Amino acid sequence: METTFLSSGKSTSGEISTGEDFHKPVLLSETIDWVKSKGEGFYLDGTVGGGGHSKLLLDTCKGCRVIAVDRDPQALSIAKTTLESYGDRVIFVHARFDQALDQFSLQGPLSGAFLDLGVSSRQLDDDERGFTFRKNVNLDMRMDCANSDHPTAAQILNEAPEEKLENIFRDYGEEPRARKLAHGIVSRRQKNPFLTSDDLVAILYKTFKRTPKTQEKARIFQALRICINDELGCLSRGLKRIRMDLDSGASFAVITYHSLEDRIVKHSFREWSQSCICPPKIPICSCRGEPLGHVPLVRGVKPSDDEIQENSRARSARLRIWRKA
Ligand SMILES: C[S@@+](CC[C@H](N)C(=O)[O-])C[C@H]1O[C@@H](n2cnc3c(N)ncnc32)[C@H](O)[C@@H]1O
């Protein structure tokens, strides 16, 4: 699995950010060029973050309006500042993208939709949010930081059964020493509960019997983040839910940052583009019998070398497009 990790930045907690210093949008013009092909109408930005992608859409497609969704209330309030000048062309919704479209009634189908998955640079760089393995950072990692029902990373490490921890590190982090790591966590927490990033890094050190590499730390921290925020579940449910509201000819663009996400998007788009999805042994087709749309670019779009040089976050990105019939 490819892992996203940024060159470590200092905490930006408490700073006032504009959309631009919040996050540098990845595959910006490529995404919006594909998405806006239908012209005017409502578009869903399911992961508005700093609002970079929405801003370009609003600037280059005058008749369009955007439903700007984010599950992180802090991100949404920054998007509101970035996109303030567009007035009622933007509707802000604090929700997960798999639930957002059920929160209000749309006046018509969507002309397009896009998702730019994962977390933003600002979330990663803000030590208060606990997404990073930098020193002495609280183990939080909840995207929806206002929702106290969601367990934090510390709670998972201190309370989850050993088997669950093993599954998290194996399934989401592709960590070959997942069992040993989970065992080490459970043995340690009885005496010393997990509080900060240093505690988790110390267990990695003990498990690997050496200093963990940056990429290894990134994989383990990312695995916890994926679990805590149910990122893959949201993606699977969200893709289907958003597809239902797309207009004929509308494009759906998704930018992924690691292979587990990309696999879900690739398989969904491929399956929706097949004429028959009956199991091979069924003699007569009993499914929908026709494709719901098509994939215009089989391999998707990867960032150029120049973009990767300018923005290390782009390194693992891939854009996939699906167009509804
Ligand atoms: C990579 S950033 C998006 C950056 C944005 N495209 C821009 O131009 O600034 C991802 C954002 O999606 C949000 N997010 C991630 N998963 C989400 C979900 N399931 N539902 C809603 N928002 C989500 C995160 O909180 C974060 O703000």
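Given the structure is predicted, the values throughout are model-derived calculations rather than measurements. First listed ligand is number 1; within each ligand, the first listed atom is number 1.
- Using cut-offs of 30° and 60° for the angle between ring planes, the Phe221 and Phe133 rings count as perpendicular.
- Inclusion of Arg71 in the set of residues having an N or O under 3.5 Å from an N or O of ligand 1 is warranted.
- Contact annotation: for Arg313 versus ligand 1, heavy atoms closer than 4.0 Å belong to the side chain alone.
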>> Using the rule given for side-chain contact (heavy atoms from CB on, under 4.5 Å), can you reason through Trp34 versus Leu27, listing the C-alpha separation, both sets of side-chain angles and the distance that settles it, and then say yes or no?
In response: CA-CA 11 Å; Trp34 277 101; Leu27 288 162; over 6 Å; no
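- Ligand 1 has a nitrogen or oxygen under 3.5 angstrom from a nitrogen or oxygen of His53.
- Looking at Thr82, Asp116, Ile78 and measuring to atom 4 (C) of ligand 1, the nearest heavy atom belongs to Asp116.
- A donor-acceptor contact shorter than 3.5 Å links the side chain of Arg89 to the backbone of Cys64.
- Between Phe252 and Trp272, the angle of the ring planes stays under 30°, which puts this pair in the parallel group of the 30/60° scheme.
- A salt bridge links Asp199 with Arg188: at least one charged nitrogen is closer than 4.0 Å to a carboxylate oxygen.
- When non-hydrogen atoms are compared, ligand 1 lies under 4.0 Å from the backbone of Leu117 (N, CA, C, O) but not from its side chain.
- Considering each of Gly52, Gly46, Ala100, the one bringing a non-hydrogen atom nearest atom 7 (C) of ligand 1 is Gly52.
- Taking every non-hydrogen atom of Gly51 and a distance limit under 4.0 Å, the qualifying atoms of ligand 1 come out as 7 (C), 9 (O).
- Salt bridge Arg237/Asp230: present, at least one basic N to carboxylate O contact under 4.0 Å.
- Residue-ligand proximity, Pro25 to ligand 1, at heavy-atom distances under 4.0 Å covers atoms 8 (O).
- At least one N/O-N/O distance between Phe97 and ligand 1 falls below 3.5 Å.
- The proximity of Val48 to ligand 1, defined as any non-hydrogen pair under 4.0 Å, is limited to the backbone.
- Nearest-heavy-atom check against atom 16 (N) of ligand 1 across Arg129, Glu231, Met143 picks out Met143.
- No donor-acceptor pair closer than 3.5 Å links the side chain of Asp198 to the backbone N or O of Lys135.
- No option in Lys180, Lys217, Arg219 other than Arg219 meets the salt bridge (Lys or Arg N to Asp or Glu O under 4.0 Å) test with Glu175.
- Judged by distance alone, the side chains of Glu271 and Ser268 never bring a donor and an acceptor atom under 3.5 Å apart.
- Where the criterion is an N or O separation shorter than 3.5 Å, residue side chain and backbone included, Gln123 meets it with respect to ligand 1.
- For ligand 1, the atoms lying closer than 4.0 Å to a non-hydrogen atom of Arg96 are 20 (N), 21 (C).
- Looking at ligand 1, you'll find an N or O of Gly50 within less than 3.5 Å of one of its N or O atoms.
- By the 4.0 Å heavy-atom criterion, Ala95 is counted among the residues contacting ligand 1.
- Residue-ligand proximity, Asp72 to ligand 1, at heavy-atom distances under 4.0 Å covers atoms 25 (O).
- Considering backbone and side-chain atoms alike, Asp70 places an N or O below 3.5 Å from some N or O of ligand 1.
- Not a single donor-acceptor pair under 3.5 Å links the side chain of Asp33 to the backbone N or O of Glu30.
- Note that CG of Leu235 and OG1 of Thr256 are 8.5 Å apart. Values are rounded to the nearest 0.5 Å.
- For Val119, every heavy-atom contact with ligand 1 shorter than 4.0 Å involves the backbone, none the side chain.
- A donor-acceptor pair is defined here as one N or O able to donate and one able to accept, closer than 3.5 Å; no such pair exists between the side chain of Ser251 and the backbone of Gly112.
- Ligand 1 places these atoms under 4.0 Å from at least one heavy atom of Ala75: 27 (O).
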